[in-house]
Amino acid sequence: MQLTTAPLSMANVLERQPDLLDRISVLVDQLKGCCSRRELQSVFASMIKISADQDCFSMNQFISRCSSMSQSDLADSALAQIEEPNVFVYNAMIRGSVQCSRPLQALEQYRSMSRADVRPTSYTFSSLIKGCGLAKALRFGESVHGGIWKSGFNWHVFVQTALIEFYASFGGVAESRKVWDEIQDGERDVFSWTTMISAYASAGDMLSARRLFDGMHERNTATWNALIDGYARSGDSISARSLFECMPVKDIISWTTMIACYTQEQRYQEAVAMFKGMIASGLIPDEVTMSTIISACAHLGSLDIGREIHYYIMQNQFQLDVFIGSSLIDMYSKCGSLERSLMVFYKLRERNLFCWNSLIEGLAVHGLAKGALLMFSKMESEKMNPNWITFVSILNACTHAGLVNEGQRWFMRMKEDYRITPRVEHYGCMVDLFSRAGLLEDALGLIRSMEFEPNAFIWGSLLGGCRVHRNLEIARVCGDALMSLEPNNTGHHMLLVNMYAENNRWGEVVNIRRTMKGNGVEKEFPGQSWIEIGGETCQFAASDGNHAVSDQLFFFLKKLDAQIRLSNIDMHSICTNY
DNA sequence: CTAGGGTTAG
C-alpha cells in the first residue's frame, strides 16, 4: 500500500488535534530556552510529530532561534520542510542568513521568494539590503532599490535607513544623502540620523558628520559613539576624547571606541589607562572590549598586564571566541611566551584565519621555522585557506632560519598554487631573505624586477645586508634611494656613514653629513622603547644617559646590555666552532 | 525586525 502525503491544511490538523495551539505554544516557549543545537533538534522533532512543521508561525519562531544561535543549516532544513512558506518565514530566513554572515544565501532566498510569488514587505527589504552590503553586491542592491520604488517601500524609514548604510558601504555618501533627504520630516528618527552620521564618518567627511550631529535635537548614546568613532578613525583622537568627556552617558561601546582609538594611534599606555577607567566606572567589559585591550597589551609587550587581563577573562567567564583567541595568541607571542600562545590556540573551539595567522607569525618571529611550516600544513589539512598575511609570516620564518631555497619555493608556490599576487611586503621578505644570506646581487635583481616602486623597508633591508656582508657598491645604491625616499631617517644615513668610515672614504662621509645637515635632520628623535620592571612600564630612548632615566631603570638596562653582549660572544663562539 | 565598538600583517 502506498501512503499519499497530501499537504495537511492547518484546519485539517486542528480538527484532528483540538489542543494543537496549546502544544505549539509550549514548543515555542521551549524554543526560547534552547541553548544548544541538540535542544533545537529535539524541538524540531517534536514539531514534526504534531505536524506543526507546516505551521508558518511555529517555523518562523524556529528559524529565528536557529539563526540567532548561528545554526543556519538547521534553519535551511526547516525551510526545505515547509511546503508553502509565507512571507514571515522568508523574512526570518533572509534576516537569519544575514545574521549568520551568509549574505549570498539571503539573496538566493529572496530570488526563490519572488519565484514563489510571495510579496515582500518592509522587513524583507531592510534585511535584504543589509545582505547586499555584506555581499558587496552593488548592482544587485541597486536593482533591489528599483524594486523598492516599485512596491512603494521607498517611504519606509527602516528601508531607507538600510539603503543609507548600503550606499555608504560602497563609498557613495552622496547616494546615502539623497535617500536621507527623501525621508519625510515626521519620520526621521534617531536611527536614521545616526546612520547618516556614520555614513559621513566612514567617508572621512567629519565636517558634514559634525554639522548633522550639531543639528540634532534628540541624541542617544549610539549617536555620540558614532561620531567619536568617526574622529577616532580619521586619526583625530583629540576631538574623539573631548566628545567622550562631555557625553552625558557613556556605555561600554563608548569606552571600547576610545580604547580602540588609542590602540590605533599606537598610544598603548593610554589605551590601558582607558580600560582601567572603564572598570573603575563600574562598567563590565565584554568580548569586544577585551580583544581590543589585549591587542594594546600585545604591542606594549607587557606580559604582566597581559596575564592580568587573561586572568580577568578566565575569572569573568568570557567566551574564548576567535577575536579574543587570536589577540591572546598574538599577545603571548609578542610578550615572549610561545607556550601560552599554543595553549590558547589548542583551547579554542573555533579557529578562523586570524587565529592561525597569529600562531604562525608567533612561531616565525621566534625563529621556529619548522613549527611555522608544520602549522601551515595543519591549517591546510583543516581546509583553512591562507591569505597574503599568512605568507608574510611563512617567508619571515624562512628568513629567520636562513632557509633561502625553502623561502624561494614558498614565494613561487604562493603565486602559482595559491594565486596570491605578491605585495610589496612579500618582496620585502624576499629581499631580506637574500640580503641576510649575503646574496646581495639576487636581492638587487629582485628589486629591479618588481612591478612597483620599492619602498624604504626594502632598501633598508638590502642596506642592512650590505653592512653585514660588506658590500659598499650596492650599499651606495641603497643609500641614494633611501636619501630621496626618507630624507629624514637618520638611521639609514648613519649606517652608510659608518660603512664609508670603516673603509676610510672620508670624502663620502663628509658628503652625507652635509646633505643631512642641509635637510635639517640631525635633531631627529632617537628610537624609543619600553621595558617592564616590577610591573611598571618605563620608557627610554637610545641616547638616554643616566640623568634622563631613573637609577633603577639605568642599572637594569646596563645589566641587560651586559647579558646581550655575553650571549653574542656565546653565539659567535658557537658559530665559529662549528 | 533597523543603528554604535573587536583580532593577525605593515
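Sequence lines set the chain letters: A, B, ... in the order given, protein chains first and strands last, and positions in each chain run from 1.
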Presence of [X] side-chain N/O under 4.0 Å of [N] phosphate oxygens OP1/OP2:
X      : N     : result
A/S192 : B/dA3 : no
A/K334 : B/dT7 : no
A/R351 : B/dT8 : no

Write down the distance between [atom1] ([X]) and [atom2] ([N]), rounded to a whole number of angstrom.
X      : N     : atom1 : atom2 : value
A/I313 : B/dT7 : CD1   : P     : 14 Å
A/M379 : B/dT8 : CE    : P     : 16 Å
A/H366 : B/dT8 : NE2   : P     : 15 Å
A/Q266 : B/dA9 : CD    : C1'   : 13 Å
A/D321 : B/dT7 : CG    : P     : 12 Å
A/I294 : B/dG6 : CD1   : P     : 15 Å
A/Y123 : B/dC1 : OH    : P     : 7 Å
A/R423 : B/dT8 : CZ    : C1'   : 13 Å

Is it true that A/E245 and A/R241 make a salt bridge, defined as a side-chain N closer than 4.0 Å to a carboxylate O?
yes
Looking at A/R210 and A/D205, does any basic side-chain N land under 4.0 Å from a carboxylate oxygen?
no
Taking any heavy-atom pair under 4.0 Å as a contact, classify [X]: base, sugar-phosphate, or nothing.
X      : result
A/S122 : nothing
A/W224 : nothing
A/E287 : base
A/N91  : nothing
A/S393 : nothing
A/N387 : nothing

A cation-pi test, strictly: NZ or CZ of A/R413 under 6.0 Å from the centre of the six-membered ring of A/Y418 and no more than 45 degrees from its axis. Yes or no?
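Cation-pi check for A/R413 and A/Y418: fails.
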What nucleotide, of [options], holds the atom closest to the side chain of [X]?
X      : options              : result
A/T194 : B/dA9, B/dG5, B/dA3  : B/dA3
A/N220 : B/dT8, B/dA3, B/dG6  : B/dA3
A/S295 : B/dT7, B/dA3, B/dG6  : B/dT7
A/F158 : B/dA3, B/dT2, B/dA9  : B/dT2
A/A222 : B/dA3, B/dG6, B/dA9  : B/dA3
A/W388 : B/dA9, B/dG5, B/dT7  : B/dA9
A/I324 : B/dG6, B/dT8, B/dT7  : B/dG6
A/I253 : B/dT2, B/dG5, B/dT7  : B/dG5
A/S326 : B/dG10, B/dA3, B/dT7 : B/dT7
A/I252 : B/dA9, B/dG5, B/dT2  : B/dG5

Suppose we call two aromatic rings close when their centres sit under 6.0 Å apart. Are A/H156 and A/F125 close by that rule?
no
Between [N] and [X], counting only base atoms on the nucleotide and side-chain atoms on the residue, is there a donor-acceptor pair under 3.5 Å?
X      : N     : answer
A/T257 : B/dG5 : no
A/T292 : B/dG6 : no
A/S327 : B/dT7 : no
A/N225 : B/dA3 : no

Can you find a pair of side-chain heavy atoms, one from A/L433 and one from A/N396, that are under 4.5 Å apart?
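A/L433 vs A/N396: side chains apart.
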Note, A/M414 side chain near A/P422 side chain (heavy atom, < 4.5 Å)
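Answer yes - side chains close enough.
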Could you say whether the aromatic ring of A/F323 and the base of B/dG6 stack, counting only centre distances under 5.5 Å and plane angles under 30°?
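So yes, this residue stacks on that base, both cut-offs being met.
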Classify the angle between the aromatic ring planes of A/Y167 and A/H145 as parallel (below 30°), tilted (30 to 60°) or perpendicular (above 60°).
tilted
